[in-house]
Number of protein chains: 2
Amino acid sequence: MIRTVIVEDNDPLRQWLAVLIVGTDGLENLGAFSSAEAALPRLGSLRPDVLLLDRHLPGMSGVQLARRVKERFPATQILMLTVEDGPEEIFEALEAGASGYLVKRQSPTAILAAIQEVHRGGAPMSSQVARLVVEHFHARGRRKAVADDLTARERDTLEFLAKGYRTKEIARELGVTADTIHTHLRHIYEKLHVRSRGEAIARYLGG
Amino acid sequence: MIRTVIVEDNDPLRQWLAVLIVGTDGLENLGAFSSAEAALPRLGSLRPDVLLLDRHLPGMSGVQLARRVKERFPATQILMLTVEDGPEEIFEALEAGASGYLVKRQSPTAILAAIQEVHRGGAPMSSQVARLVVEHFHARGRRKAVADDLTARERDTLEFLAKGYRTKEIARELGVTADTIHTHLRHIYEKLHVRSRGEAIARYLGG
DNA sequence: AAGCGCATCCCCCGGACGGGTGAGTCAGGG
DNA sequence: CCCTGACTCACCCGTCCGGGGGATGCGCTT
């Protein structure tokens, strides 16, 4: 039996979700709240397996609630519901601890399947969301590609640079003198068109 | 009509995929190669819509091929096929430009559906892959959470720091003197338990 | 009113860093 | 065989940075 809690400020939608859940075998609804503030103090005793969460809530947002819930009850799986959103909102929700991300206007079967999938340890997301996630990785790849015309030693140096190592520490790791690393660094800056460590790290790790 | 090309070194599997595709309405197979080296010179004239790519290939790997293909023909959608892989392999493939990532032992219908979905602009991935991707974001979120007990001004400073700005530039952006930023930085280092810019940026952006 | 956290600014010091120049070795290609 | 590119090391110089003080004012809590 999967134990769920709903937090959604839209009354008809919240009730529709509750009806959907109680009418399905294997699913159980422990509570339905219209705000994060109302839900938060009850979650400790309810301990749901899956939390259905609206991203847009009056007062504390669904994202903030997700963060808090994940801090205290990491085992709770969070399924984020939302209207149309951009990349920023989606990544913020995923970073806050959401394991699934669905746009609201989905078929009942899709929503129920998502609840079960997230409880199984899956990560249900609508195809627009999956696409954005994939593009996020593509962008990362393109950023790292700027390091393509670095020499082997320069790539080694950049690798340690991106871990926050100082010149001396990189020198020790690579078994050369600090002067050599100094030279590598200058070449890296030239090729990456930057003028400082911080800029190089930011360019490599992406911001 | 979706035009596909297969690159897979396992002979039976390659032929099975080809048969699967030619026997399906709306799908067309332009070629099936057993190595990246064999496929690469032909892709320019074949121009497939979707490229089915094995991750493990003798010689040039599927990941390297994906990188090259995406460089020259960004419109080609890449669907990566693989046996069981870890997070590193998966992220590397996604960064190389793959839009979908499937474990090989999938039902024929799942593979065909994935080809169509990736062509529609979706991002089909098996649930294990989706889970790893989601956990990647969770880890990012936990890293950024270390910045939680920073003050508002310190967060502002960290934001610019992570863009590679130097002290003076941050000062200009925030409309204060460099001395003030200097103070903020010292507090940031203290709270993040680091002793340099590079370490702070690496901790914040994660690596 | 007193205390506290925050933000702002200031001074000082030693070491780290960015940038310029030069130079030796060694492998590979013309 | 010489030339080139990669890697290595060295020295110099001016600036930036990390870390240590201290100071003021503001708003909030007690």
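Naming convention: chains lettered A, B, ... in sequence-line order (proteins, then strands); numbering from 1 in each chain.
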Carboxylate-amine/guanidinium proximity below 4.0 Å for [X] and [Y]:
X      : Y      : answer
B/E92  : B/R55  : yes
A/K191 : A/E154 : yes
A/R166 : B/E199 : yes
A/K163 : A/E173 : no

task = Any chance you could lay out the salt bridge (Lys or Arg N to Asp or Glu O under 4.0 Å) test for A/E190 and A/R195, step after step, and finish with the verdict?
result = CA-CA 8 Å; A/E190 201 178 334; A/R195 287 176 323 286; over 6 Å; no

Rounded to the Å, how far apart are [X] [atom1] and [N] [atom2]?
X      : N      : atom1 : atom2 : result
A/I181 : D/dA6  : CD1   : P     : 16 Å
A/R197 : D/dG18 : CZ    : P     : 10 Å
A/H184 : D/dG5  : NE2   : P     : 17 Å
B/L192 : D/dG18 : CG    : C1'   : 15 Å

task = Please test A/T180 against A/T183 for side-chain hydrogen bond (donor to acceptor under 3.5 Å, both in side chains), starting from the C-alpha separation and ending with a verdict.
result = CA-CA 5 Å; A/T180 302; A/T183 304; 6.0 Å; no

remark   = If each end axis of the helix from C/dA1-D/dT30 to C/dG30-D/dC1 is fitted on five C1' pair positions, the angle between them, to 10 degrees, is 30°

What N/O pairs connect the protein and nucleotides 10-15 of chain D at under 3.5 Å? Give each pair on its own line.
| unit_1 | atom_1 | unit_2 | atom_2 | d |
| --- | --- | --- | --- | --- |
| D/dA10 | N6 | A/R186 | NH2 | 3.4 |

inquiry  = Is B/R166 close enough to D/dC17 that one of its side-chain N or O atoms is under 4.0 Å from OP1 or OP2 there?
reply    = no

Under 4.0 angstrom between B/Y189 side-chain N/O and D/dG19 OP1 or OP2 = no

message = I want to check something: taking the side chain as every heavy atom from C-beta on, are A/T167 and A/R197 in contact at a cut-off of under 4.5 Å?
response = yes

task = Check the angle between the aromatic planes of B/Y165 and B/F160 and answer parallel, tilted or perpendicular using the 30° and 60° thresholds.
result = tilted

key: Base-contact (B) and sugar-phosphate-only (S) positions in nucleotides 25-30 of chain D, heavy-atom cut-off under 4.0 Å, - elsewhere   = ------

message = If the condition is side chain to side chain contact (heavy atoms under 4.5 Å, CB included), which residues does B/N10 pass it with, not counting sequence neighbours?
response = B/E8, B/P12, B/L13

key: Partner residues of A/Q15 under the side chain to side chain contact (heavy atoms under 4.5 Å, CB included) criterion, sequence neighbours left out   = A/D11

request  = Start with the C-alpha gap between A/R14 and A/D9, add the side-chain angles, then the distance that decides, and say whether salt bridge (Lys or Arg N to Asp or Glu O under 4.0 Å) holds.
outcome  = CA-CA 7 Å; A/R14 183 178 65 251; A/D9 64 318; over 6 Å; no

key: Range on DNA chain C touched by chain A - first to last nucleotide, heavy-atom distance under 4.0 Å   = C/dA16 to C/dT21

note = 5'-most contact on DNA chain C (nearest-nucleotide basis), B/G175 vs B/D149, goes to B/D149

ask   = Mapping A/K191 and A/A178 onto DNA chain D by nearest heavy atom, which one lands closer to the 5' end?
value = A/K191

message = Exactly one of B/V118, B/L30, B/L43, B/I6 should register a side chain to side chain contact (heavy atoms under 4.5 Å, CB included) with B/L51. Which one does?
response = B/L43

